[in-house]
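In what follows, a single structure is set out as structure tokens and then discussed.
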Amino acid sequence: MSEYEVRHIKSSDGTTIAAASAGVGFPVLFVPVVTGVVQTFLWSAIQPGFRVVTYDRRGTGMSGNGPNTPSEVYIDDIEAVAESLGVQELAVVGDMFGAPEAMALAARRPDLCTHLVLRTPIQSHRDWVAIPRIRALLSVIDDDWPFLVNALVRSLDWDNPRAAGHVAQAMDHWTPAQLRRLVDGLLPLDVEQQWPRISAKTLLIHDPKMFFPESYSREIASSIPRCTMTILPSVAGQDRRPHLNSLTWEYLAPLAEERGNDGAGRSQSFQTILFTDLESSTALTQRLGDEGAQEVLRGHNTTVRKALEAHGGREVKHTGDGIMAAFPSAVRAVEAALQVQRDLAGGEVRVRIGLNAGEPIAEDDDLFGTAVQLAARICDRAEPGQVLVSRVVADLCAGKKLQFSHHSDATLKGFAEPVALFEVGS
């Protein structure tokens, strides 16, 4: 998990709001669903090129309680967090219960909020308490708090056990009084009249497995001028969170690229790095001779370059025994790797392939940095004929009909912590 920094910010009425940030790059503000610091942990580990920011709502987590004030104060709080970043533009992401505040900020501050992502949003907080399932849960706030915590975590359908554990841990720090106060404070918040005023470029992602109806999402999408809506596939037992994350960050990825620093050593946009490495090139030369080995290498180069062209990859350089390439899409990178292995199967020699995703440094038409180094180490660990990827690549490909299986938690040269490696199925 990425390191994060917590700062305390004063809202309009003097209430202290705790805000957490992690990473470096274009700022993306997440409106919390449960509690902000936990959400920073869940998101920041796979967001090179972005500064992820979130906060604890007043009366929760590390934020102060503040006086009993109208629901409009929650918009003042998120605006105070946004202004504290000292930036001219940012993106805002609102999940479910956080969507009304995200939309309200976008409407209030069109100069600051240039991009908006709404994920299974509700129209207003009144809407979600009208849903029978939610109303039944809230009815037991005071009577059976442990049951409510467990039911809320389960109803959010966190298929990732680690994510579910983090959310459950966050809920353990709440009290019935805090949740009741939050619900009562947010209930009057209704931003329906503000939808037409949102000028931010907007992506709305609807998850049919959540308990908010699709009609909510469609009404919001049709009312926001620059809104595109997409619907997640409903697949039983599938961990949808990585797919949701992938759609979000693919949508925001151009922001990191367009706002990158110019000049030598500038940061690149989020890319997937691929390395190939021929099996036992020295032994191959001894067996086939120089000319024969060179012919095999030319065949390998042709095969890899054909896959790069088919899947939108860019050859960065030839490494002697293989090729280093970069892709704007993790899915296309993995598909290219599989094509290479299929085309070389049964040939004179086999090839290892390793992939990682991150934000490399560009200099003299080459790429450098941790993202590149890890991709090379993963390639070294692969067996001939095998494609190995990092966890971030596997997460970005979730829901794309690619098969991954956990290979190992490997200790790789130059990396202090074990790296989770995943094998790609053919």
Side-chain angles (χ1 to χ4, degrees), residues 264-268 271-330 332-390 392-393 407-408 410-415 419 421-424 426:
R266 67 184 175 88
S267 292
Q268 292 292 290
Q271 298 183 64
T272 299
I273 309 299
L274 177 150
F275 277 89
T276 70
D277 181 57
L278 284 171
E279 173 189 18
S280 304
S281 58
T282 301
L284 181 69
T285 302
Q286 294 296 317
R287 179 164 55 88
L288 300 179
D290 291 342
E291 288 297 327
Q294 192 63 26
E295 183 66 26
V296 170
L297 180 59
R298 281 195 291 268
H300 158 272
N301 296 345
T302 299
T303 299
V304 173
R305 287 163 182 160
K306 178 182 176 182
L308 296 183
E309 182 178 0
H311 296 281
R314 175 179 69 89
E315 181 176 346
V316 177
K317 63 184 177 183
H318 198 281
T319 62
D321 295 333
I323 286 177
M324 171 186 169
F327 294 77
S329 165
R332 292 180 181 179
V334 173
E335 290 174 343
L338 292 175
Q339 178 178 323
V340 169
Q341 295 293 23
R342 286 194 301 268
D343 290 349
L344 293 177
E348 190 70 41
V349 69
R350 295 181 298 171
V351 64
R352 304 176 179 86
I353 301 181
L355 297 94
N356 181 45
E359 184 185 46
I361 300 298
E363 188 171 328
D364 297 331
D365 296 324
D366 202 349
L367 297 178
F368 303 91
T370 303
V372 175
Q373 294 164 358
L374 182 54
R377 296 301 182 201
I378 293 173
C379 182
D380 293 341
R381 185 55 64 101
E383 295 293 330
Q386 187 178 51
V387 179
L388 288 184
V389 306
S390 63
V392 62
V393 173
H407 177 271
S408 62
T411 301
L412 303 179
K413 183 178 179 181
F415 293 85
V419 176
L421 301 181
F422 295 82
E423 182 176 4
V424 185
S426 57

Applying salt bridge (charged side-chain N to carboxylate O under 4.0 Å, His left out), name anything that partners Arg377, two or more places apart in sequence or on another chain. Asp380
Derivation of the side-chain contact (heavy atoms from CB on, under 4.5 Å) call for Phe327 and Val334: CA-CA 10 Å; Phe327 294 77; Val334 173; over 6 Å; no
When you measure from the side chain of Arg381 to the backbone of Thr411, do you find a donor-acceptor pair of N or O atoms at a distance under 3.5 Å? yes
Do Val424 and Gln341 touch side chain to side chain, with heavy atoms closer than 4.5 Å? no
Contact summary for Ala307 and Ala336, nearest pair of heavy atoms: CB-O, 3.7 Å
Pairing residues for Gln386 by the side-chain hydrogen bond (donor to acceptor under 3.5 Å, both in side chains) criterion, not counting sequence neighbours: Glu423
Student check: side-chain heavy atoms of Ile323 and Asn301 closer than 4.5 Å: yes
When every non-hydrogen atom of Ala330 is compared with those of Thr272, the smallest separation belongs to CA-OG1, 3.2 Å
Looking only at heavy atoms, the pair that brings Gly320 and Leu297 closest together is O-CD2, 3.7 Å
For His311, the side-chain hydrogen bond (donor to acceptor under 3.5 Å, both in side chains) test, sequence neighbours excluded, returns Gln339
Here the pair of heavy atoms bringing His300 nearest to Gly322 is CE1-CA, 3.7 Å
Take Leu374 and Leu412, measure what side-chain contact (heavy atoms from CB on, under 4.5 Å) needs, and give me the verdict at the end. CA-CA 8 Å; Leu374 182 54; Leu412 303 179; 3.6 Å; yes
About how many Å separate CG of Leu278 and CG of Leu344, when rounded to the nearest 0.5 Å? 8.0 Å
Show every donor-acceptor pair shorter than 3.5 Å between a side-chain atom in residues 349-358 and any protein atom, with sequence neighbours excluded, or say none if there are none.
residue: Arg352; atom: NE; partner: Ala382; partner atom: O; Å: 3.1
residue: Arg352; atom: NH1; partner: Asp277; partner atom: OD2; Å: 3.2
residue: Asn356; atom: OD1; partner: Ser390; partner atom: OG; Å: 2.7
residue: Asn356; atom: ND2; partner: Ala371; partner atom: O; Å: 3.1

Contacts of type salt bridge (charged side-chain N to carboxylate O under 4.0 Å, His left out), residue Glu315, not counting sequence neighbours: Arg305
As a quick check of understanding, evaluate side-chain contact (heavy atoms from CB on, under 4.5 Å) for His407 and Ile378, giving each step before the final call. CA-CA 11 Å; His407 177 271; Ile378 293 173; over 6 Å; no
Does Glu335 have any side-chain hydrogen bond (donor to acceptor under 3.5 Å, both in side chains) partners at least two apart in sequence or in another chain, and if so, which? none
Over all heavy atoms of both residues, which pair between Leu274 and Ala337 is shortest? Give the atoms and the distance, please. CD1-CB, 3.9 Å
Please give me the minimum heavy-atom distance between Phe275 and Val372, naming the atom from each residue. CE1-O, 3.6 Å
Val316 side chain near Gln271 side chain, heavy-atom distance below 4.5 Å: no
